[in-house]
Amino acid sequence: MSTPQPEPGLASVKRYQIPVERLQEGMFVVELDRPWLDTPFLLQGFLVDSRIELETLRRYCQYVYVDLDLSHSALADAIRAAELRDEAAAPAMPATAPLHFDTVLDEKSAAQPAAMRPVRIRADVKISRQTRERFRDFIRATAIAAPQAPRHATWRRALDWFRPGERARAAKQMRHPAAAVRPAPDLRLPDGIELRHYADRTQVESELPRAREAFGVGARALDALVADVRQGRVPDVQQVSGAVDQIVESMVENPDALMWVARLREEHVQAYQHGVKVALYLVALGRHLGFPRPELANLGMIGMLADVGKTRLPNALLEKPGMLAPAEYNIVKEHVRLGLDALASSVRLAPAIVEGIAQHHERLDGSGYPKGLRGEEIGIYGRMSGIADSFAALITARAYANACAPQDALMNLYEWAGTSFHAPLVEQFVQAIGIFPVGSFVELSSGEVAAVLAHNRVRRLEPRVLVLTAPDKTPLAEPFERNLLHRTKTADTVRVRIVRGLAAGAYGLRLRDYYAHEAARAAEPALG
């Protein structure tokens, strides 16, 4: 049986959330309730065509999302029939309709219990309503940064977020930022770490040349190391370490510059430069938490080196659609050990780096690998690297999946917080890279599409942006910069704000096509 393939660049609008106990053979699975790389299904999108695949999904997941257009089963046919009846009977949905709505199948049409409630979702949205509401509550409560408090208190502000009653108190505290900061649970930081506060010391425009050079040096060093590991040579870890030092220096001055350069490079990035992006996200998170520079360098090394062991795996396994056999999945899990073994032949890594690499696929609920660690068995570096690695994977286009919009990727992390990932660290990660990360596309309340240029560290939802299109989404011949923080002085003009984030490539836009802004011109990397 041939596996139906989705058209490149297109997404079906008929995706349903299905409990795994209701899943049937013949359904095309397009999304899981956990990161794909945490399961034997490494590539997103496959047709369930065996009992073994059904049982495996039921072991790893509680629910999945299926694409009706690519599915052929009795249940899929029943859902389609019910949908047609509902559409024929109901008026057209207004443009302001909610993103999610329930479709209840009656027993006659579905031959399934009425309690089963598949959820039809928009093609670019796969996050539960509860997660969206919780995420929006958190963003509202942290949209305006409080005056600088002692660093150990500031970064712990949200750590009690999920305790009963804490949400309202946290929101009240953010409305009155002078209120005392409550003590919070310890994150099990390494002994002897003295946290500090980092302020932006340069403007993003002036930092771009150094950021561009740092990214290029990092990419070249990682490519060279990967080539060494693949050929069985002793890898030059010291070269990577020197590159990470340059990345840290630039990120300490102003992290927005390197984030912009990374987004410009995405269309040309090679497979193993994924590690450079993970390094950037880890350093950004560490900087936000207040880690000293040596620890920031350790975080950068973790990001760069975590997946080096994959170079010793057969490409056929990494590129196989559908489910890996148990033996194949066990081989893939070995990439963690293989990477550490290869690196150990070059230099003795710091314990923090080893921990981060060894644990970047471990998950709080014990579903990760290679050791199946749970909860506090996973160290701070392992928890941080798991979050950064998963985020980088979500916003990167893959063989069977378009890239997620960064905001949807962050909400996916929220969906998995408490099971796969440490919830307080997920919150800190959101604040570190921003709800609208630098370089991401956003739609404005004016209808215009823009790219985020730089964050506002105080009012987090009002960044500087580069406006790329007119309100009707027609690309502008000359894009222009707008600072959303600044209010217009004309009484008849409504203040422009961001209404939603967009995935890379939205409306056919490419960030590299826009060089009118001097920041973009300065950040353009040389392509060999």
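Numbers here are sequence positions counted from 1.
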For Arg132 and Arg136: C-alpha separation, side-chain torsions, deciding distance, then whether side-chain contact (heavy atoms from CB on, under 4.5 Å) applies. CA-CA 6 Å; Arg132 285 185 170 277; Arg136 286 166 179 163; 3.7 Å; yes
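- Relative to the ring axis of Tyr198, Arg196 places its NZ or CZ within 45° and under 6.0 Å from the centre.
- When side chains are defined from C-beta on, Tyr329 does not count as touching Glu334, because their heavy atoms never get closer than 4.5 Å.
- Separating the CE atom in Met251 from the CG atom in Leu299 is a distance of 10.5 Å, to the nearest 0.5 Å.
- No donor-acceptor contact under 3.5 angstrom links the side chains of Ser385 and Gln359, judged on distance only.
- Side-chain contact between Leu338 and Val308: absent, with no pair of heavy atoms (C-beta onward) separated by less than 4.5 Å.
- Under the 3.5 Å distance criterion, with hydrogens and angles disregarded, a donor-acceptor pair is assigned to the side chains of Gln17 and Tyr65.
- Annotation for Arg459 and Leu485: closest pair CD-CD1, 3.2 Å, computed over non-hydrogen atoms.
- How far CG of Leu349 is from CD of Glu355: 13.0 Å, rounded to the nearest 0.5 Å.
- Inter-residue side-chain proximity for Val430 and Tyr414 is flagged as met; some heavy-atom pair is nearer than 4.5 Å.
- The shortest distance between side-chain heavy atoms of Ile498 and Pro463 falls below 4.5 Å.
- Residue Leu364 holds its CG atom at 10.0 Å from CZ of Arg374, rounded to the nearest 0.5 Å.
- At least one donor-acceptor pair closer than 3.5 Å links the side chain of Arg287 to the backbone N or O of Val252.
- Annotation: side chain of Asp365 is in contact with side chain of Arg34 (closest heavy-atom distance under 4.5 Å).
- The shortest non-hydrogen separation linking Asp200 to Pro255 is OD1-CD, 3.7 Å.
- A pairwise comparison of heavy atoms in Val234 and Ser345 identifies CG1-O, 3.7 Å as the closest pair.
- The side-chain heavy atoms of Gln407 and Ser440, taken from C-beta on, include a pair separated by under 4.5 Å.
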Go through it in stages, so that I can follow the logic: the residues are Thr56 and Phe41, the test is side-chain contact (heavy atoms from CB on, under 4.5 Å), and I'd like the CA-CA distance, side-chain angles, deciding distance and then a yes or no. CA-CA 10 Å; Thr56 303; Phe41 305 92; 3.8 Å; yes
With side-chain contact (heavy atoms from CB on, under 4.5 Å) as the test, would you mind laying out the steps for His455 and Arg460 before giving the verdict? CA-CA 7 Å; His455 286 139; Arg460 304 179 193 276; over 6 Å; no
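- Remark: Ile433 CD1 to Leu410 CG distance equals 4.5 Å, nearest 0.5 Å.
- Atom CD of Glu55 sits in a crowded spot, with more than 12 heavy atoms from other residues, nucleotides or ligands closer than 6.0 Å.
- A donor and an acceptor atom, one from each side chain of His274 and Asp389, are located under 3.5 Å apart.
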Where do Arg220 and Asp223 land on the salt bridge (Lys or Arg N to Asp or Glu O under 4.0 Å) test, with the steps shown first? CA-CA 5 Å; Arg220 291 190 294 272; Asp223 285 345; over 6 Å; no
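- Atom CG of Leu453 and atom CG of Leu484 lie 10.0 Å apart (nearest 0.5 Å).
- Taking the six-membered ring where the residue is Trp, the centroids of Tyr281 and Phe391 are separated by under 6.0 Å.
- No hydrogens or angles considered: nothing links the side chains of Thr202 and Glu253 as a donor-acceptor pair under 3.5 Å.
- Ala297 approaches Val244 most closely through the heavy-atom pair O-CG1, 3.5 Å.
- In this structure, Lys371 places its NZ atom where only 12 or fewer heavy-atom neighbours from other residues, nucleotides or ligands lie under 6.0 Å away.
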CA sep, side-chain torsions, deciding dist, call: Leu343, Ile357, side-chain contact (heavy atoms from CB on, under 4.5 Å): CA-CA 11 Å; Leu343 296 169; Ile357 296 173; 3.9 Å; yes
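- Side-chain contact check for Ile18 versus Tyr63: every heavy-atom pair is 4.5 Å or farther apart.
- Screening Arg212, Glu207, Glu213 for a side chain to side chain donor-acceptor pair (under 3.5 Å) with Ser250, the sole residue that qualifies is Glu207.
- Contact between Phe421 and Pro35 at its shortest, heavy atoms only, is CZ-CG, 4.0 Å.
- Under a 3.5 Å cut-off, the side chain of Asp33 and the backbone N or O of Gln62 do form a donor-acceptor pair.
- Between the side chain of Ser390 and the backbone N or O of Ile387, no donor-acceptor pair lies under 3.5 Å.
- Each of Leu258, Leu264, Ile247 was checked for a side chain to side chain contact (heavy atoms under 4.5 Å, CB included) with Phe215, and the lone residue meeting it is Leu258.
- Rounding to the nearest 0.5 angstrom, the gap separating the CD atom in Glu362 from the OG atom in Ser420 is 11.5 Å.
- Contact check for Glu295 versus Ile193: side-chain heavy atoms found under the 4.5 Å cut-off.
- Scanning both residues, Val465 and Val452, for their nearest heavy atoms gives CG1-CA, 4.2 Å.
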